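Some notes on the structure that comes next.
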2 protein chains.
Amino acid sequence: MTEKIRETGERVTIRTVAEDAGVSTAAVSKVLRNAYGVSDTLRSKVLTSIEKLGYRPSTAARGMRGKTYSIGLLLTEMENAFLPKVVRGAKEVFGAANYQVMIGVGEAQASIEQSLIDSMMDMRMDGVLLVAPRLTGTVLAGYAAKTPLVVIGHHEPSAETFDTVNSDDVAGAREAVCALIASGYRDIHMTSLSQRRFDMPAGEGEVFTMRETGYLAAMQEAGLSDRARIWRLREREGCEGPPLTDLLKVGPRPEAVFCWSDIHALELINLAWSRGVRVPEDLAIVGYDDTPAAGMPIVGLSSVNQQGADLGRQAARAMLSRIEGRTTPEHILLEPALKTRRSSGS
Amino acid sequence: MTEKIRETGERVTIRTVAEDAGVSTAAVSKVLRNAYGVSDTLRSKVLTSIEKLGYRPSTAARGMRGKTYSIGLLLTEMENAFLPKVVRGAKEVFGAANYQVMIGVGEAQASIEQSLIDSMMDMRMDGVLLVAPRLTGTVLAGYAAKTPLVVIGHHEPSAETFDTVNSDDVAGAREAVCALIASGYRDIHMTSLSQRRFDMPAGEGEVFTMRETGYLAAMQEAGLSDRARIWRLREREGCEGPPLTDLLKVGPRPEAVFCWSDIHALELINLAWSRGVRVPEDLAIVGYDDTPAAGMPIVGLSSVNQQGADLGRQAARAMLSRIEGRTTPEHILLEPALKTRRSSGS
DNA sequence: CAAGTTACGTAGAACAGTATACGTAGACTG
DNA sequence: CAGTCTACGTATACTGTTCTACGTAACTTG
């Protein structure tokens, strides 16, 4: 009955290896997971067979009972030039721990994000790492109940079931605005996004909300509250719409603008250039994220660097410890640093 | 014996659904795959149970016998701003066919690329789509024997076992160089990468090789062969090294430079700006890929657009038809188009 | 109305691993 | 020298699907 050594076609499975090495499949499995109870002789026998046959364990099968040694990483969109560093940092740590990272791209839609997270769980990935998701804390908690979850770029310090890793956006914004004030600017406006949810407790929410808080705090500390103004632009609208062009009109034009992201800052700097508005003489600009484009000499955009690689690394470490069994939440905050370039004046 | 309805903990499997709907697991599976042999009554019974229980099929288990409805997409690196469009195009087609796309990032190292492809196959993904891989045709053929394989940005027109989708890099380069010639430039140089393999038949190889061919052809057609010069820069060295700065020295400085990629072109345009070399008056520049940075008004870099989204879409279509069973190879070539901006003169 | 199709469902093997219970040989103890 | 402990391997149940083979009921057809 066990004699049917019929050719299984091509695929070399754990059984092929076991047969070749003259041991049981479980023994092979043990060697693979270097579990307890394997002698050196057995181990080497199995290892040579694996080598000889070019065997690779199937992650799919593995996922049914054990772990898959893979992590799902969800990005909201690929266009944001800030993400590569985060990914690189995370991959560095995960790679060292022998985890593979598979990335899903959410196209900036909550529904796509959700279906991707579901897929990652369906694939039995060992954990899911979210970067700047467009999901509410409730939804996140729902996922956290089913899989180890770590979130980057989403402030939720009271979350009990998942970890968050963030740059201190309040401090970053404050630093940027303080630098503008120190350079002598007084009429400092800010560009931000339109709010999607209004029911957030203080200290929670999306990163741009935190940056607004930092902006307002810095303005207030300098006694400039009455000059503060936040231009809320609809997302994906770009800066072509009336709001941002209005910002450049001579009448109400501020002396300086703090942009919640380089996405806005770069559009603004280009818009200014196109209309002959000199930067920083007529308009100083500070961005956020310190993307590669900001660093191009021809652009020279001052921008807050939030150490993407470190965010990624810390998040990956949190994930690993959570996979190891940690259940107490961790909420990590990293210090950003303003990178000063031409666009913010002297 | 079948009476042990002991609580399985939490997980709702195909069995839970079958029990709830009062049918066999196979019936549920059939509904899921909408296979032949399911009555409307049975279908709706199963569907309501699925809905009620919030059941989701496990991709991992699915991978063991059937397909996983997931595609592995391998990117060489994330930094290249040309990739998002390709990904978006591919996701568009895959998404419509209900496939999930999981992305792996190769960090520009062949060994990492290989381990990612292996992982994707270990996860039993239904196909693997490679973008500008650093792998040889032989290695690619090896993978193609084991899984449906489509490659973007790697010319291998004689490959029998996998498909390729490319922009016509020879034509693109020729168009770029012809445009420069038409604008009156004669001393036109090119930047490229250092060759890694020299044993390629004509018509095969990496994209920059093709672009060199197009450059040389255009120069020859204009009788400028003796003025042609290719500066080969080591990869990842950036443009800080001696070669590229040399290019800007007054003595041998060309009138125009065709860069194999915006990566070089942007560095060059910034380098020129920093040194007071006017673009295009002192030096005209044309890049390749038409990345977002090239389109910024402040940069104004002319660049060859190779329709990334279309590349992605075509590749995804090829993948789907290959998964459906096609075995004859397809080698698709798309027409690029030069986007003219300030940097290439009048 | 018996025989032959056709449609619908089901049981159970298969897939490629993990994890656990259990048997055994050798070392250690009193 | 019998009894216990421990280290090591093995057998086997288990995971969540797909898929093949088969049984049965309803519907045609002669």
Side-chain angles (χ1 to χ4, degrees), chain A residues 1-2 4 6-46 50 53-70 119 121-124 126, chain B residues 1-2 4 6-46 49-50 53-70 119 121-126:
Chain A
M1 207 175 277
T2 49
K4 53 168 181 179
R6 130 181 59 164
E7 303 213 31
T8 333
E10 306 286 328
R11 178 155 292 159
V12 33
T13 81
I14 199 173
R15 244 170 294 276
T16 326
V17 175
E19 235 163 72
D20 183 90
V23 298
S24 76
T25 60
V28 178
S29 174
K30 276 190 176 180
V31 171
L32 254 40
R33 298 170 287 133
N34 55 324
Y36 172 87
V38 182
S39 66
D40 285 348
T41 18
L42 186 135
R43 158 169 279 106
S44 66
K45 258 199 301 186
V46 169
I50 287 179
L53 300 169
Y55 164 74
R56 291 186 59 89
S58 148
T59 309
R62 201 170 240 179
M64 300 207 58
R65 272 182 90 71
K67 42 196 302 190
T68 57
Y69 285 94
S70 62
S119 286
M121 289 174 22
D122 295 345
M123 291 185 160
R124 296 281 183 276
D126 296 337
Chain B
M1 209 176 279
T2 48
K4 52 167 182 181
R6 129 180 63 166
E7 302 211 33
T8 333
E10 306 286 327
R11 178 154 291 157
V12 33
T13 80
I14 199 172
R15 242 172 297 274
T16 326
V17 176
E19 236 162 71
D20 184 90
V23 298
S24 76
T25 60
V28 179
S29 175
K30 275 189 177 179
V31 171
L32 255 39
R33 297 171 288 131
N34 55 322
Y36 171 86
V38 183
S39 65
D40 283 349
T41 19
L42 184 135
R43 157 171 278 105
S44 66
K45 260 198 300 184
V46 169
S49 284
I50 286 179
L53 300 169
Y55 164 74
R56 291 187 59 89
S58 148
T59 308
R62 199 168 244 180
M64 301 208 57
R65 271 184 90 69
K67 40 196 304 191
T68 58
Y69 286 95
S70 61
S119 286
M121 289 176 20
D122 295 344
M123 291 185 160
R124 296 283 184 273
M125 291 187 166
D126 295 338

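For clarity, every value in this text was computed on a predicted model and none was experimentally measured.
Between B/Ser39 and C/dG9, a side-chain N or O to OP1/OP2 separation shorter than 4.0 Å is present. Put simply, A/Tyr36 has no side-chain N or O that comes within less than 4.0 Å of OP1 or OP2 on C/dT20.
Nucleic acid contact class of B/Val28 (heavy atoms, under 4.0 Å, all strands): none. B/Arg43 comes within 4.0 angstrom of nothing in the nucleic acid, heavy atoms only.
Ranking D/dT17, C/dG17, D/dA7 by closeness to the B/Ile14 side chain, first place goes to D/dT17. Taking every side-chain heavy atom of B/Ala26 into account, C/dA11 is the closest of D/dT15, C/dA11, C/dA19. If you check C/dT18, C/dG9, D/dG16 against the side chain of A/Arg124, the one that comes closest is D/dG16. Taking every side-chain heavy atom of B/Tyr55 into account, D/dT17 is the closest of D/dT10, D/dT17, D/dC19. The listed nucleotides are C/dG12, C/dA16, D/dT17; the one nearest the side chain of A/Ser58 is C/dA16. Distance from the side chain of A/Ser24 is smallest for D/dT10 among the nucleotides D/dT10, C/dA16, D/dG16. Side chain of B/Thr13, nearest nucleotide from C/dA16, D/dG16, D/dA11: D/dG16.
Rounded to whole Å, atom P of D/dA11 lies 13 Å from atom CD of A/Glu19. Rounded to whole Å, atom C1' of D/dT17 lies 13 Å from atom CD1 of B/Ile50. To the nearest angstrom, P of D/dT18 lies 9 Å from OH of B/Tyr69. For the pair A/Asp122 CG and D/dT15 P, the interatomic distance rounds to 18 Å; values are reported in whole Å. Atom CZ in A/Arg33 sits about 16 Å away from atom P in D/dC8, given to the nearest Å. Note: CG (A/Leu42) to C1' (D/dA7) measures 13 Å, nearest angstrom. Atom-to-atom, NZ of B/Lys67 to P of D/dT18 comes out at 12 Å; the value is rounded to the nearest Å. Atoms CZ (B/Arg15) and P (C/dT10) sit 15 Å apart, rounded to a whole Å.
For the residue pair A/Pro57 and A/Leu32, the shortest heavy atom distance occurs at CB-CD2, 4.2 Å. What you find for A/Ala21 and A/Lys45 is that their closest heavy atoms are O-CD, 3.7 Å.
Of the possible donor and acceptor atoms, none in the side chain of A/Asp122 sits under 3.5 Å from a partner among the backbone N and O of B/Ser58. A donor-acceptor pair under 3.5 Å is formed between the side chain of A/Asp126 and the backbone N or O of A/Tyr69.
Paired with B/Tyr55 under the rule side-chain contact (heavy atoms from CB on, under 4.5 Å), one option of B/Thr16, B/Asp20, B/Ile14, B/Val46 passes, and it is B/Ile14.
For the pair A/Arg62 and B/Val38, nearest-nucleotide mapping onto DNA chain C gives the more 5' position to B/Val38. Summary of the strand contacts: B/Arg65 and B/Thr41 both lie near DNA chain C, and taking for each the nucleotide with the nearest heavy atom, the more 5' one is attributed to B/Thr41. Annotation: of the two residues near DNA chain D, B/Lys30 and A/Ala61, the 5′-most nearest-nucleotide partner is A/Ala61. DNA chain D is contacted by both B/Thr59 and A/Gly22; A/Gly22 maps to the nucleotide lying nearer its 5′ end (nearest heavy atom per residue).
Here the CZ atom belonging to B/Arg65 is positioned 10.0 Å from the OG atom belonging to B/Ser29, to the nearest 0.5 angstrom.
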